[in-house]
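Comments concern the structure below.
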Number of protein chains: 2
Amino acid sequence: MNATARYKEIANILQVEIASGAWGVGDKLPAEPELIKRFEASRTTIRQALAELRDAGLVQMKHGVGVFVSPPRVVKRLDSRERLSRARRERNEGAFLAEAKAQGFAPTSSVRVWFEPAQDFAELFGIEETAELCVRDRVMRADGKPVMLAVSRLPREITRGTALEEVDTGPGGAFARLEELGFELTSHEEIVGARMPDANEKQMLELTSGPVLTVQRRTYSNGRLVEVNDMVMPGASYELRYTWDAD
Amino acid sequence: MNATARYKEIANILQVEIASGAWGVGDKLPAEPELIKRFEASRTTIRQALAELRDAGLVQMKHGVGVFVSPPRVVKRLDSRERLSRARRERNEGAFLAEAKAQGFAPTSSVRVWFEPAQDFAELFGIEETAELCVRDRVMRADGKPVMLAVSRLPREITRGTALEEVDTGPGGAFARLEELGFELTSHEEIVGARMPDANEKQMLELTSGPVLTVQRRTYSNGRLVEVNDMVMPGASYELRYTWDAD
DNA sequence: AAGTGGTCTAGACCACAAT
DNA sequence: TTGTGGTCTAGACCACTTT
């Protein structure tokens with residue numbers, strides 16, 4: 001690699017100009033032919049520079065339309081401990097709806113529910129591979145924009161014939177129903193990772209660049225695993241917050 | 001975009017072949033000229049396909065050498081609660097060294113220490129912007145390979161004249177020293193995010209692709225913030241684990 | 001010196017969205 | 001229809017690593 005590859009140089013110039021407000025959020029950058037003239041570079045090089053900006057999350061490229069300045073990282077900070085508290089549930093608020101309300105956007109979520117053999121999750125739940133799970137596949141949206149994918153799995157042994165198998169789990173959400181069924185929720189575990197989204201996630205989350213944060217939450221009732229929830233959210237717009245007392 | 005862009009098609013074929021073991025971990029893929037012949041595509045297209053594999057974390061491209069199959073995601077699962085426990089410290093183990101030992105790799109870490117005005121951290125610490133911070137900039141390595149960057153900041157009011165301003169903080173690490181100084185550590189807060197690495201992080205972590213996980217840990221002693229530690233690690237090789245009891 | 005990947009050019013055609 | 005970005009070609013030269 002050169003000390004300063006031309007495309008990186010161009011990317012850097014554009015980055016500085018964006019940062020200094022030469023184009024505002026949502027503005028269209030000059031089209032490629034203009035950039036080619038301005039920087040006296042080939043289209044390939046210009047596009048390589050734009051790809052850098054895209055990968056850095058600074059711009060969004062829309063086929064047939066143009067390249068647009070992305071909004072600055074607006075972070076939703078999720079506090080897992082607080083958001084799963086019983087107090088919340090007793091106010092009849094599911095975690096997502098409550099947060100949405102607090103942050104002043106209109107939350108919607110679509111849910112699909114189905115049943116399938118435990119397979120890869122059998123060991124985790126300590127059940128047979130052929131035992132059925134209730135799968136709740138949700139897309140959370142804020143003001144119509146998708147902000148999180150969540151796939152929740154519970155042993156059907158627990159959910160059979162309950163509201164947990166309905167699209168609408170009712171006031172307080174799924175956790176409230178679990179407690180009504182006698183499953184006192186005693187502990188949570190969250191496993192956090194980061195990776196690039198796959199094609200489906202890109203489409204569902206309307207992502208054009210950048211990584212996703214993944215969280216697998218495991219919820220236990222007196223030592224028994226009752227729910228595994230796999231969540232995927234855009235890395236650019238989420239921070240996760242965890243707090244604990246020192247022992 | 002075509003239903004199947006040629007470069008994606010090629011990337012997919014290679015991906016399947018890698019997955020099925022056509023080349024083992026660490027093996028060199030055929031050089032670009034060979035791939036050009038095999039797929040009857042231009043070099044640009046081949047390289048676009050290889051870039052896809054690189055971005056997916058499947059291969060690593062080494063300038064002047066070749067393209068190599070990356071090891072499968074080997075995840076270090078960090079449990080923040082456990083790793084910061086007092087029990088650990090009383091065994092004279094800093095968090096990183098202890099983990100390294102447990103996982104059977106040779107840990108090394110280089111440290112630079114300096115002092116600077118609090119500036120952006122003033123509000124967080126509740127001190128003057130001109131008040132000095134002790135900054136400990138560390139690179140953690142496992143078997144010589146960098147695995148984490150960590151920049152720790154403490155008010156110099158606390159660290160002045162102590163081992164915390166030395167390169168080697170001694171047995172049990174910085175937290176042990178803080179407690180000896182009378183700062184009983186009472187709570188921790190970690191804020192987790194994901195983003196693409198900047199140029200410096202890419203170089204320091206020897207990253208060729210993929211996102212980084214960022215963690216800002218804030219450590220409190222009876223309500224007083226005593227340390228802010230900004231950590232950056234490759235997303236592909238880390239998972240963070242948090243557990244807590246339901247309230 | 002030979003072989004590898006890194007960057008760049010000039011040009012072409014295609015797919016998408018707005019007019 | 002026009003202008004946009006998406007993909008692709010054929011070739012060139014450069015930089016890095018190994019022989």
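Proteins come first, then strands; the chains are lettered A, B, ... in the order of their sequence lines, and each starts at number 1. Please read these numbers as outputs of a predicted model, since none were measured by experiment.
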Between protein and nucleotides 17-19 of chain D, what N or O pairs are separated by less than 3.5 Å?
none

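- Within a heavy-atom distance below 4.0 Å of DNA chain D, the residues of residues 29-37 of chain A found are A/A31, A/E32.
- We find that NZ of A/K8 is positioned 14 Å from P of D/dA15, with the value rounded to whole Å.
- In this view, A/D137 and A/R112 satisfy the side chain to side chain donor-acceptor pair (under 3.5 Å) rule, not counting sequence neighbours.
- Partners of B/Q48 by side chain to side chain donor-acceptor pair (under 3.5 Å), not counting sequence neighbours: none found.
- Annotation: side chain to side chain donor-acceptor pair (under 3.5 Å) contacts involving residues 16-27 of chain A, sequence neighbours excluded, comprise A/E17-A/R38.
- In this structure, CZ of B/R6 is placed 16 Å from C1' of C/dC14, rounded to the nearest angstrom.
- The environment of B/K28 atom NZ is dense: over 12 non-hydrogen atoms of other residues, nucleotides or ligands sit within 6.0 angstrom.
- Judged as a salt bridge (charged side-chain N to carboxylate O under 4.0 Å, His left out), and not counting sequence neighbours, A/E166 has no contacts.
- Side-chain proximity of B/R47 to the nucleotides D/dC8, C/dT9, C/dG5 is greatest for C/dG5.
- With sequence neighbours excluded, no residue satisfies side chain to side chain donor-acceptor pair (under 3.5 Å) with B/E52.
- Between the B/R153 side chain and the B/A118 main chain, no donor and acceptor come within less than 3.5 Å of each other.
- Residue A/L53 contributes atom CG, which lies 13 Å from atom P of D/dG5 at whole-angstrom precision.
- Considering only side-chain atoms of A/A5, the nucleotide from D/dC8, C/dT9, C/dT7 that sits closest is C/dT7.
- Regarding A/Q60, its CD atom lies at a distance of 18 Å from the P atom of D/dT4, rounded to whole Å.
- A straight line from CD of B/Q48 to P of C/dG5 spans 17 Å, rounded to a whole angstrom.
- The side-chain contact (heavy atoms from CB on, under 4.5 Å) check on A/I10 picks up A/R6, A/L14, A/F39, A/A41, A/T45, A/I46, A/A49, with sequence neighbours excluded.
- The CZ-P distance, from A/F39 to C/dA10, rounds to 17 Å in whole Å.
- Regarding contacts with the backbone of C/dT7, every side-chain N or O of A/T44 stays at 4.0 angstrom or more from both OP1 and OP2.
- If you take CD1 of B/I46 and P of D/dT7, they are 15 Å apart, rounded to a whole angstrom.
- With D/dA12, D/dT9, C/dC8 as the candidates, the nucleotide lying closest to the side chain of B/R43 is D/dA12.
- Under the rule for a salt bridge (charged side-chain N to carboxylate O under 4.0 Å, His left out), A/E129 has no partner lying at least two apart in sequence or in another chain.
- In this structure, of D/dT4, C/dG5, C/dC8, it is C/dG5 that holds the atom nearest to the side chain of B/V67.
- The interatomic distance linking A/L50 (CG) with D/dT7 (C1') rounds to 15 Å, in whole Å.
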